[in-house]
Amino acid sequence: MKLPLSYYSAQDVLFLAQDLLGKVLFTEINGEITAGIIVETEAYNGIYDKASHAYGGKRTDRTETLYSHGGISYVYLCYGIHHLFNVVTSVEDEPHAVLVRAIEPLIGTEIMENRRNMPASKAAISSGPGSAAKALGIDRSFNKKDLTGNEIWIEDHGIQYPSEDIVTGPRIGVAYAQEDALLPWRFFVKGNKYVSKPNII
DNA sequence: CACTTGATGTTCT
DNA sequence: GAACATCAAGTGA
């Protein structure tokens with residue numbers, strides 16, 4: 001059930017970003033397990049992508065994680081407040097990553113309600129990358145974790161959305177990336193209420 | 001409903 | 001000093 005390391009080695013980050021929709025993201029913290037179905041992702045295409053932290057081959061202490069082999073997590077702090085969770089894909093020195101932007105709560109919803117201080121009936125509990133990470137209890141201690149380990153991992157529960165329900169569009173919040181901001185590298189499930197921003201075509 | 005605003009770490013200028 | 005892969009609470013219609 002847990003996705004094997006080989007799954008993350010695929011070098012086509014666009015395929016993986018789409019394929020991760022419907023997969024189930026788990027975390028276990030102090031014995032508390034929470035999980036949610038991934039319903040929204042964005043692809044970041046390594047050194048050729050102006051919206052990527054690794055654009056142009058940039059390496060800093062923070063981005064070093066992106067250059068590892070696929071199958072680990074990349075968590076960083078955005079706007080000084082929010083933790084954003086990414087799946088590092090491809091092989092070593094190919095800094096491709098998939099940002100998880102929204103999940104649908106599946107397991108441990110009461111724990112998520114406590115973390116978010118709002119009822120799970122509100123879509124905002126896990127809509128948007130900062131909220132989804134917080135609902136799962138992800139913070140920077142989850143950076144560079146092995147996704148086949150027992151703290152954070154992804155399972156395949158056989159959930160598959162019909163292709164007509166998978167919608168692509170330009171990525172959110174990357175206007176600074178100029179022409180790359182227009183690339184249709186955001187993938188989400190049509191009509192799912194946990195999807196952030198415009199969720200209709 | 002649309003818009004405004006405050007919170008504030010990391011990185012680059 | 002400024003910009004940034006954001007959120008939630010507030011305002012005013």
Side-chain angles (χ1 to χ4, degrees), chain A residues 13-14 16-18 20-21 25 34 36 38-68 70 72-90 94-105 112-145 152 167-189 192-200:
Chain A
V13 68
L14 292 176
L16 270 183
Q18 184 165 333
L20 279 168
L21 295 176
L25 175 61
T34 50
I38 298 172
V39 295
E40 182 180 358
T41 61
E42 282 179 8
Y44 285 85
N45 189 26
I47 63 174
Y48 308 106
D49 181 355
K50 289 186 179 176
S52 168
H53 290 162
Y55 173 63
K58 184 171 72 174
R59 280 178 183 257
T60 64
D61 287 346
R62 183 175 66 157
T63 63
E64 197 59 33
T65 307
L66 286 168
Y67 291 86
S68 306
I72 63 167
S73 58
Y74 171 50
V75 179
Y76 78 98
L77 196 61
C78 180
Y79 296 107
I81 304 186
H82 304 291
H83 300 282
L84 271 61
F85 168 74
N86 300 248
V87 177
V88 176
T89 70
S90 193
E94 288 272 345
H96 297 174
V98 176
L99 168 67
V100 174
R101 288 191 55 88
I103 62 160
E104 179 177 335
M112 296 192 213
E113 287 180 336
N114 290 337
R115 285 177 185 147
R116 297 281 295 126
N117 196 27
M118 66 172 73
S121 55
K122 273 187 103 168
I125 192 168
S126 58
S127 173
S131 301
K134 192 173 179 191
L136 290 168
I138 293 171
D139 62 23
R140 274 190 300 171
S141 70
F142 280 83
N143 190 39
K144 221 165 187 171
K145 290 286 187 191
I152 181 165
V167 190
T168 67
R171 292 172 292 180
I172 304 291
V174 295
Y176 65 91
Q178 302 169 37
E179 72 272 16
D180 287 349
L182 301 174
L183 295 167
W185 287 357
R186 173 174 178 247
F187 301 88
F188 60 97
V189 178
N192 188 290
K193 75 170 184 174
Y194 296 100
V195 171
S196 66
K197 301 283 177 170
N199 83 356
I200 341 167

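Every chain is numbered from 1, with letters handed out A, B, ... down the list of sequences. For clarity, every value in this text was computed on a predicted model and none was experimentally measured.
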Using whole Å, report how far [atom1] of [X] lies from [atom2] of [N].
| X | N | atom1 | atom2 | answer |
| --- | --- | --- | --- | --- |
| A:L99 | C:dC4 | CG | P | 17 Å |
| A:Q178 | C:dA3 | CD | C1' | 14 Å |
| A:H82 | C:dT6 | NE2 | C1' | 4 Å |
| A:D139 | B:dT8 | CG | P | 16 Å |
| A:E64 | B:dT11 | CD | P | 11 Å |
| A:K134 | C:dA8 | NZ | C1' | 10 Å |
| A:D61 | B:dC12 | CG | C1' | 14 Å |
| A:I81 | B:dT5 | CD1 | C1' | 12 Å |

(message) Both conditions, 6.0 Å and 45 degrees, for the charged tip of A:R140 above the ring of A:F142: are they met here?
(response) no
(message) Here's one to test your reading of the geometry: is the NZ or CZ of A:R59 within 45 degrees of the ring axis of A:Y67 and under 6.0 Å from its centre?
(response) yes
(request) Give one of base, sugar-phosphate or nothing for A:T41, where a contact means two heavy atoms less than 4.0 Å apart. (result) nothing
(request) Identify whether any heavy atom of A:R171 sits under 4.0 Å from a base atom; if not, whether one sits that close to sugar-phosphate; answer base, sugar-phosphate or nothing. (result) nothing
(message) Can you check the distance between B:dT5 and C:dA13, where both ends of the measurement are the P atom (answer in whole Å)?
(response) 15 Å
(message) Closest approach to the side chain of A:Y79, judged atom by atom: which nucleotide of B:dT11, B:dG9, C:dT6 is it?
(response) C:dT6
(message) Let's see if you can work this out: which of B:dG9, B:dT10, C:dT6 has an atom nearest to the side-chain heavy atoms of A:R62?
(response) B:dT10
Between [N] and [X], is there an OP1 or OP2 to side-chain N/O distance shorter than 4.0 Å?
| X | N | value |
| --- | --- | --- |
| A:T60 | B:dC12 | no |
| A:R116 | C:dC7 | no |
| A:K58 | B:dT11 | no |
| A:R140 | B:dG9 | no |

(message) Please compare A:K122 and A:S52 by the position of their nearest nucleotide in DNA chain C and report the one closer to 5'.
(response) A:S52
(message) Taking the nucleotide of DNA chain B with the nearest heavy atom to each, does A:R59 or A:C78 sit closer to the 5' end?
(response) A:C78
(request) Report the base-pairing partner of C:dC4 (Watson-Crick or G-U wobble, both distances below 3.5 angstrom), or none. (result) B:dG9
(message) What I want to find out is whether A:R101 reaches A:E42 closely enough, with some N-O distance under 4.0 Å, to be called a salt bridge.
(response) yes
(message) Do the side chains of A:E64 and A:K144 get close enough for a salt bridge, i.e. N-O under 4.0 angstrom?
(response) no
(message) Test side chain to side chain contact (heavy atoms under 4.5 Å, CB included) on A:L14 and A:W185; report intermediate values, then the result.
(response) CA-CA 7 Å; A:L14 292 176; A:W185 287 357; 3.2 Å; yes
